[in-house]
Every structure is written in C-alpha cells, then in structure tokens.
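For the numbers below, each heavy atom of this structure counts, side chains included, while hydrogens, waters and symmetry mates do not. One-based numbering along the sequence shown.
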Amino acid sequence: MSGSQRSLAKGCPAPGPVPEGLIRVYSMRFCPYAQRARLVLAAKGIKHEVVNINLKSKPEWFLEKSPFGVVPSLETSDGKIIYESPIVCDYLDEAYPGKKLTPADPYKKAQEKILLEHFSQIHSALYKVLFAKRANEDTTELKAQFFEKFKKLEELLTKKNTPYFGGESLSMIDYMIWPWIERFNIFDVLEYLEKAPRINAWRSLMLQDPVVKDTFTDPEVLSNFIKLYFQDSVDAVDYGLD
C-alpha cells in the first residue's frame, strides 16, 4: 500500500486490528530508518499497510506500538510488535517467503553486518553535519570527518570488487545503506560522491532498481521537508500532500 496518507498525530485514535493477510508498518514518509523497512517490504512483495506517524506530535497510543517512540515498527494481525529498523528488516526477510535478501552463508552474513557497523559511523557523521548546518555553524571539519569514514566504505567496496555491497546482486545491506545516500543533498555532501567512484557507480545501479524507485523521494521535496522540520513545524511530515 502507498505511504502517502496523512500522518496520525496526538489526539488521533489508534487504528483497528491489522487485517488478516497483511502486516502493518508504522512509518514516516521522510524517515530513512522507516524507508529501510519499506524497501524490504517492496523487495519481497509483502502485502502490507502503512500508517504514518507524526513524530513531532505523536499519538498517545504510539508507545504501545513502538516502545522507543520511533519508526519503523511492525504490527502483525495477531498483535505481535517488532521494532528497530535492522530487527524489523531481518524479521521480514526471515518470516516471509520469496527472495531472501540476507545471505544464508554465516560468513557472508557476518560480513554484511560488519559493513553495516562501518556505515553506522558514517550516518552518525552525517547527522553531525546536518545539525551544525541547522545551527548555522561551520561544517568544514565535520565534513572532513565524514569523508574519512566515507572513504573507508569506498575502500571496502573496491576491495570486494562487486557492483553491490552484497555482491553481484542486490541484498539486504544495499537496502540498509541506501536511504542515507538518497538524502545526500539534505546533508550537503553530494559532491563527495565524485570522490568515491565505486560508491557512485553503485548509486547509479540502485537508482535503476524498481524497489528504490518505488520508495524514492524527490530531492527538492526532501529539502523542503527538512526546512520545515527544522522550524519545528508539526505539518512538516505531511509536506507535499494535498
């Protein structure tokens, strides 16, 4: 189902039980962590419904669906709750049939988890740049710190010598990394892709993937959302909807 419906906010009633044969994902249209789950749902063709949450004004009942108060979280038709994006994505891959996104081989699976640890340092660096921008602070040093970590990821992909981080074809690790690469414009680090040719080539391949296209948000829309979000607008999460 589409994730384009308006967000539920404080005062909104909780949705009813999840219909049989569906899984519900609590999401936010612009959240990279939630996009991870939506990428996996689409890649595996899982029938689902999306309930968008206003993270600036969360419904009172939302902590029952996500104890940390963040997205994504899943709710099954028998009331089970699963949250935290890597756990959500692993659950979807293991619980549903079809193409397996995670390698069966324990060593390859471990290598993907190690790559994800490397990437977690990169997205921490990206948020430091973003919050410095918000405060109108100089970002030169923070961008240099980001690039040092980004270069390491470029080296890892070069060493693998495969088109994707997961190997010859798309796998879970590619979908786990992608949402932040899609948002490089709002982090103001787009120019660093030219200094990382292997990652830049990977990015071009990812942009051709039907699943990525299905969840992609136009860079201008992302930029306008983040401006509103930084102004603490409770309407930012619904930017662009009629």
Side-chain angles (χ1 to χ4, degrees), residues 1-19 22-42 46 48-77 79-89 91-92 120 123-124 126-137 175-176 178-180 182-188 214-242:
M1 287 179 63
S2 168
S4 60
Q5 66 268 34
R6 289 193 172 275
S7 304
L8 300 184
K10 192 173 182 179
C12 291
V18 179
L22 290 182
I23 193 164
R24 177 181 294 153
V25 57
Y26 293 95
S27 183
M28 191 274 268
R29 289 167 58 228
F30 302 109
C31 174
Y33 297 95
Q35 188 182 1
R36 281 175 164 175
R38 291 187 289 111
L39 283 162
V40 173
L41 286 161
I46 298 169
H48 64 282
E49 63 177 23
V50 178
V51 173
N52 285 320
I53 299 297
N54 190 327
L55 299 177
K56 288 281 191 189
S57 176
K58 298 169 190 173
E60 294 80 353
W61 47 263
F62 183 55
L63 285 178
E64 297 171 17
K65 312 296 185 183
S66 177
F68 294 148
V70 296
V71 293
S73 68
L74 299 175
E75 185 174 8
T76 65
S77 57
K80 293 187 179 80
I81 299 291
I82 302 102
Y83 52 98
E84 286 296 288
S85 66
I87 298 167
V88 161
C89 292
Y91 172 82
L92 291 170
S120 68
H123 70 61
S124 295
L126 286 170
Y127 285 113
K128 287 178 183 177
V129 173
L130 187 64
F131 292 130
K133 272 184 64 185
R134 181 186 187 181
N136 291 315
E137 295 170 1
Y175 288 135
M176 297 294 277
W178 173 255
W180 284 268
E182 182 176 311
R183 288 159 177 77
F184 262 26
N185 68 308
I186 63 171
F187 292 112
D188 196 27
D214 187 51
T215 67
F216 186 81
T217 301
D218 183 87
E220 187 177 347
V221 173
L222 280 172
S223 293
N224 289 332
F225 155 73
I226 205 70
K227 285 174 192 169
L228 288 172
Y229 200 75
F230 277 173
Q231 291 165 15
D232 288 323
S233 166
V234 292
D235 298 321
V237 292
D238 289 329
Y239 174 79
L241 298 179
D242 294 333

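- With a 4.5 Å cut-off on side-chain heavy atoms, Phe30 and Leu55 do not count as touching.
- A distance of 11.0 Å separates OG of Ser223 from CG of Leu228, quoted to the nearest 0.5 Å.
- Although no hydrogens or angles enter the test, the distance criterion places no donor-acceptor pair under 3.5 Å between the side chain of Arg29 and the main chain of Ser7.
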Practice prompt. Test Leu41 against Ile23 for side-chain contact (heavy atoms from CB on, under 4.5 Å), laying out the working first.
Written response: CA-CA 10 Å; Leu41 286 161; Ile23 193 164; 4.0 Å; yes

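- Note that the CH2 atom of Trp180 and the CG atom of Leu126 stand 9.5 Å from one another [nearest 0.5 Å].
- In this structure, the side chains of Leu130 and Phe230 come closer than 4.5 Å at one or more pairs of heavy atoms.
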Worksheet entry | Criterion side-chain contact (heavy atoms from CB on, under 4.5 Å) on Thr76 and Ile82, from CA distance to verdict | CA-CA 9 Å; Thr76 65; Ile82 302 102; 4.2 Å; yes

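- Listed for the Trp61 side chain is a donor-acceptor partner under 3.5 Å among the backbone atoms of Cys12.
- Shortest non-hydrogen contact noted between Phe187 and Lys133 is O-CD, 4.5 Å.
- A parallel orientation is assigned to the rings of Tyr33 and Tyr127, their planes being inclined by less than 30° (bins at 30° and 60°).
- Between Arg134 and Asp232, at least one side-chain N (NZ, or NE/NH1/NH2) sits under 4.0 Å from a carboxylate O, which counts as a salt bridge.
- Side-chain contact between Tyr83 and Val70: absent, with no pair of heavy atoms (C-beta onward) separated by less than 4.5 Å.
- A cation-pi contact, defined as under 6.0 Å to the ring centre and within 45° of the axis, links Lys56 to Tyr229.
- Nearest heavy-atom pair, Cys31 versus Val71, reported as atom, atom and distance to 0.1 Å: SG-CG2, 3.8 Å.
- Residues Arg36 and Ser85 have side chains that bring a donor and an acceptor to within less than 3.5 angstrom of each other.
- Distance alone, capped at 3.5 Å, places no donor-acceptor pair between the Arg24 side chain and the Glu49 backbone.
- Panel note: side chain Ser73, backbone Lys65; a donor-acceptor pair is recorded below 3.5 Å.
- Counting only distance, with no hydrogens or angles, the side chain of Glu75 and the backbone of Val25 share no donor-acceptor pair below 3.5 Å.
- When atom types are taken as modelled, the side chain of Asn54 and the backbone of Val234 share a donor-acceptor pair closer than 3.5 angstrom.
- In this structure, the separation between CD1 on Ile53 and NZ on Lys10 is 14.5 Å, given to the nearest 0.5 Å.
- Tyr175 approaches Pro179 most closely through the heavy-atom pair O-CD, 3.2 Å.
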